[in-house]
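In what follows, a structure is listed as structure tokens, so that the remarks can point back to it.
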Amino acid sequence: MTQSTPIRRDGERPLLLDLFSCAGGAAMGYARAGFTVHGCDIAHRPNYPFPYHRGDALAYLAHLIATGEIRRYAFVHASPPCQDKCTLTVGTNRSQGWGGAHVDLVAPTRALLDRTGLPYVIEQPNGRAEIRKDLTLCGEMFGLGVIRHRNFELGGWTARQPAHLRHRGRVRGYRHGRFYDGPYVAAYGNGGGKPSVPELQAALGIDWTDVREELTEAIPPAYSEHIGAAFLATRTRVAVAA
């Protein structure tokens, strides 16, 4: 599905481009912060709650740059696939003798984002992804039922790092054959005492998709709402100073 994007004008909500958008966890948070959001994902995403373009995110971004359409946007969020270097796969790949099957898209994503001249965010989980950790967010900062650490590189702007609150206990589930209880659910994979879909929805703060694979990949909207509000506050300060 491809829908036309209205040109941003003074007085309207700023337009945000959500690349590698998945089911829209990040998008919903940005919308709540005050943005109009348009996504792009290579997969069919019928649960995505906003207009989106289905296609390769980097090819689409390159097209927007080449045509000048990127100037319609005020901000870009990108969550390139993380299987190459995220904590959950690096150890597994090493132990199984795997490796090299996943492509690291962080560097080419950053190169294109720098060409836009727009402020942006690149999101990655903990692991070996080569991004600056300008912000690290955790579910406990927002009272969520997941820990879900996520790192964010901020391009062309800055934001304050919130205090990383002490976790209240363990992630619920089995570890080496033993079951541990705790205040957080494991928002990844199947089996091993993993939560039900309704439990995942409640823990993440997502109610518009019930697809487990989408939920286990999603950024909690609280994270991007925090980032979006922080960015808009910087724009407000600049406008007042001017």
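Contact of the Tyr73 side chain with the Leu64 side chain is registered, since non-hydrogen atoms from C-beta on lie closer than 4.5 Å. For the pair Val171 and Val185, the minimum side-chain heavy-atom distance is 4.5 Å or more. Between Pro125 and Asn151 the shortest side-chain heavy-atom distance does not fall below 4.5 Å. Side-chain atoms of Phe142 and Leu165, non-hydrogen and from C-beta on, never get closer than 4.5 Å to each other. Side chains of Asp210 and Leu200 form no contact here, defined as non-hydrogen atoms less than 4.5 Å apart. Thr36 is not listed as a side-chain neighbour of Leu16, based on a closest heavy-atom distance of 4.5 Å or more. The side-chain heavy atoms of Val76 and Leu19, taken from C-beta on, include a pair separated by under 4.5 Å. When side chains are defined from C-beta on, Thr136 does not count as touching Arg150, because their heavy atoms never get closer than 4.5 Å.
Between the side chains of Asp18 and Tyr48, at least one donor N or O sits under 3.5 Å from an acceptor N or O.
In terms of heavy-atom proximity, Pro162 sits nearest to Leu137 at CG-CD2, 3.9 Å. Counting all heavy atoms, side chain and backbone alike, Val106 lies closest to Pro80 at CG2-CG, 4.1 Å. Of all the heavy atoms in Leu144 and Pro220, the pair that sits closest is CD1-CB, 3.6 Å. Pairing each heavy atom of Pro221 with each of Gly205, the nearest pair is CG-O, 3.7 Å.
When the shell of 6.0 Å around CZ of Arg132 is examined, it contains more than 12 heavy atoms from other residues, nucleotides or ligands. Counting non-hydrogen atoms of other residues, nucleotides and ligands closer than 6.0 Å to OH of Tyr174 gives a total of 12 or fewer.
At a threshold of 4.5 Å between side-chain heavy atoms, the hydrophobic network of Ile, Leu, Val, Met, Phe, Trp and Tyr places Phe20 and Ile42 in two separate groups. Under the 4.5 Å side-chain heavy-atom criterion for Ile, Leu, Val, Met, Phe, Trp and Tyr, Ile147 and Ile206 are members of distinct hydrophobic clusters.
Not one N or O on the side chain of Arg110 forms a donor-acceptor pair closer than 3.5 Å with the backbone of Glu153. At least one donor-acceptor pair under 3.5 Å links the side chain of Trp208 to the backbone N or O of Ala23. In this structure, the side chain of Asp41 engages the main chain of Cys22 through a donor-acceptor pair within 3.5 Å. Between the Tyr60 side chain and the Cys40 main chain, no donor and acceptor come within less than 3.5 Å of each other. In this structure a side-chain-to-backbone donor-acceptor pair under 3.5 Å is present from Ser196 to Glu199. Side-chain atoms of Arg148 come within 3.5 Å of backbone N or O of Ala187 as a donor-acceptor pair. Between the side chain of Arg13 and the backbone N or O of Phe35, at least one donor-acceptor pair lies under 3.5 Å.
Under the 6.0 Å distance and 45° angle rule, Arg170 counts as a cation-pi partner of Tyr180.
Taken to the nearest 0.5 Å, the CG atom of Leu61 stands 5.0 Å off from the CG atom of Leu112. The structure places OG1 of Thr116 at 11.5 Å from CZ of Arg71, a figure rounded to the nearest 0.5 Å. Distance check, rounded to the nearest 0.5 Å: CZ of Arg128 to CD of Glu130 gives 11.0 Å. Taking CG from Leu135 and CG from Leu154, the interatomic distance works out to 4.5 Å, rounded to the nearest 0.5 Å.
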Verdict with supporting geometry, Tyr184 and Glu140, side chain to side chain donor-acceptor pair (under 3.5 Å)
CA-CA 9 Å; Tyr184 311 104; Glu140 183 59 31; 2.7 Å; yes
Given Arg45 and Glu214, is the side chain to side chain contact (heavy atoms under 4.5 Å, CB included) satisfied, shown in steps?
CA-CA 9 Å; Arg45 299 293 185 186; Glu214 293 182 341; 3.4 Å; yes
Begin from the C-alpha positions of Lys194 and Tyr188 and carry the test side chain to side chain contact (heavy atoms under 4.5 Å, CB included) through to its verdict.
CA-CA 8 Å; Lys194 297 299 191 299; Tyr188 56 87; 3.6 Å; yes
For a side chain to side chain donor-acceptor pair (under 3.5 Å) check, start with the C-alpha distance between Glu69 and His63, then their side-chain angles and the critical distance, and finish with the verdict.
CA-CA 8 Å; Glu69 294 177 76; His63 166 76; 3.2 Å; yes
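Remark: Ser21 engages no residue in a side chain to side chain donor-acceptor pair (under 3.5 Å) (not counting sequence neighbours).
The aromatic rings of Phe152 and His77 sit tilted relative to each other, their planes meeting at an angle between 30° and 60°.
Aromatic pair Phe75/Tyr120: ring centres not closer than 6.0 Å. With ring centers used as reference points, His167 lies under 6.0 Å from His149. A ring-centre distance under 6.0 Å is not found for His38 and Phe50.
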